[in-house]
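Because the structure is predicted, anything quoted here is derived from the model rather than measured. Numbers restart at 1 for each chain; the letters A, B, ... are given by sequence-line order, proteins then strands.
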2 protein chains.
Amino acid sequence: MARSVEFNEEEAIQKAMVVFWEKGYNGASLRDLTDAMKINSSSLYNTIGDKHELFVRCVKYYTDTRKKDLDRRLKSARSSFEILVKYINDSVESIIGKESCLAIKTAFEVASSDKRVKDILKADSDYAYRFLHSLISRAMEEGKIAKDEDPELLADYFISTWTGWNEAYILHKDPAKIKRMSQYFIKQISK
Amino acid sequence: MARSVEFNEEEAIQKAMVVFWEKGYNGASLRDLTDAMKINSSSLYNTIGDKHELFVRCVKYYTDTRKKDLDRRLKSARSSFEILVKYINDSVESIIGKESCLAIKTAFEVASSDKRVKDILKADSDYAYRFLHSLISRAMEEGKIAKDEDPELLADYFISTWTGWNEAYILHKDPAKIKRMSQYFIKQISK
DNA sequence: TTATTTCTGAAACATATGTTTCAAAATAGA
DNA sequence: TCTATTTTGAAACATATGTTTCAGAAATAA
């Protein structure tokens, strides 16, 4: 029938995601985005849609990627407690060096006034919650976490704490500080 | 000699601060700001300066206000442990209902690319750290916090955790969730 | 009161923004 | 190959943006 789309949509979304990640939603201009994506704005509007739609797709792509990572971790042969500790340590590493988590930046920049974005972030947070909750529960069965701990609370607690580590790293750029806090967290929950 | 400035600068800064707080640095336009401040842009440029300078002043005003609050708390006649617990509970209340903390929003929106703003936020964070550190140390002397706790770590830890509570409230709007986490924190540090 | 200086309001400014238009190029199927 | 349809690139679009200009209003000190 006719010509088909030339650019790879997933690759383009990835490129745009990096721009939003670095500059934020309001800080990223359409030119910044289309330059990075290496497409013309007409192609963008013809396929994905407007700036906001592009942003929603980028945030969704980010959370989908995270979800896959969590699923992969659950399939590991190690004990739940080991998976949990590795996840915590990897989370710390992800803070250091990189721009801090896109989901967190977005939560503070636009989530309170953008329901669609907020819902995506909430679903992401809920998924991480369930991931942590199941690991913590099983680690309690394994006898690695005290039976009197509350897995629901610990899961929420870790998510919150991790967000704070991101801020602390932005302000102080001190990896040791973050590692100290993460070790404290692990020590606190370990039986 | 001549005419003097008509508007009250402190009041104007406060009004602008509210706009930045709600919309973020990039989300707030000069018109939004001057409308709220009820001044003409020529007056703004004639006194305070450009948009960025105004933003810096607003962030500084915010952190100065916080600093005064902490100083006031330290003068209280209550025990250090009681001051600490009250501070934690008040911090939780401040999250609920309001727009989340301007310093945190700003840290995630612009601090990584704006050294001047970052330095103000870092100083604010350091001040809160010293506040918490001294309360925790004294509460340990009072025998209310176990002697084997590390006040430096606990101070950093609370600051991080509190940041996370802000995000959790944006996403879930669930006061009980935040209160549960804060009670857990207090329980954890209590002897 | 007057002279001088400064502030204010409205408008103008240049540029940046998100979005649309449209002719030409491209291509899948007939 | 031809045709119908779609994508693309470049330009145009309207509006929003941060900032500046400047004439006139205001007010201080003489």
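- Counting distance only, with no hydrogens placed and no angle test, the side-chain atoms of B:Ser41 and the base atoms of D:dT20 include a donor-acceptor pair under 3.5 Å.
- When rounded to the nearest whole Å, the span between CZ of B:Phe7 and C1' of C:dT6 equals 13 Å.
- Comparing B:Lys38 and A:Asn40 against DNA chain C, the residue whose closest nucleotide sits nearer the 5' end is B:Lys38.
- The CG-P distance, from A:Asp35 to D:dA10, rounds to 12 Å in whole Å.
- Look at NZ on B:Lys51: it is 4 Å from P on D:dG18, rounded to the nearest Å.
- Following rounding to the nearest Å, A:Asn26 (CG) and D:dG18 (P) show an atom-to-atom distance of 11 Å.
- Taking the six-membered ring for Trp, A:Phe185 and B:Tyr157 have ring centres at least 6.0 Å apart.
- In this model, the phosphate group of D:dT8 is approached by a side-chain N or O of A:Ser43 to a distance below 4.0 Å at OP1 or OP2.
- Judged by the 6.0 Å distance and 45° axis criteria, B:Lys177 is positioned over the aromatic ring of A:Tyr129.
- Among the nucleotides C:dT19, C:dT17, D:dG18, the one closest to the side chain of A:Ser29 is C:dT17.
- For the pair B:Leu30 CG and C:dA16 C1', the computed distance is 14 Å after rounding to whole Å.
- Taking the charged nitrogens against the carboxylate oxygens, B:Arg57 and B:Glu9 do have a contact shorter than 4.0 Å, which makes a salt bridge.
- In this structure, A:Leu102 and A:Trp21 approach most closely via the heavy-atom pair N-NE1, 3.4 Å.
- Summarising the geometry, the separation between NE2 on B:His52 and P on D:dT19 is reported as 11 Å, rounded to the nearest angstrom.
- Taking side-chain N and O atoms only, B:Ser42 has no distance below 4.0 Å to OP1 or OP2 of C:dT8.
- A close approach under 4.0 Å does occur between a side-chain nitrogen or oxygen of B:Tyr45 and OP1 or OP2 of D:dT19.
- Counting only heavy atoms from C-beta on, A:Asn46 has its side chain closest to D:dT7 among C:dG18, D:dT7, D:dT19.
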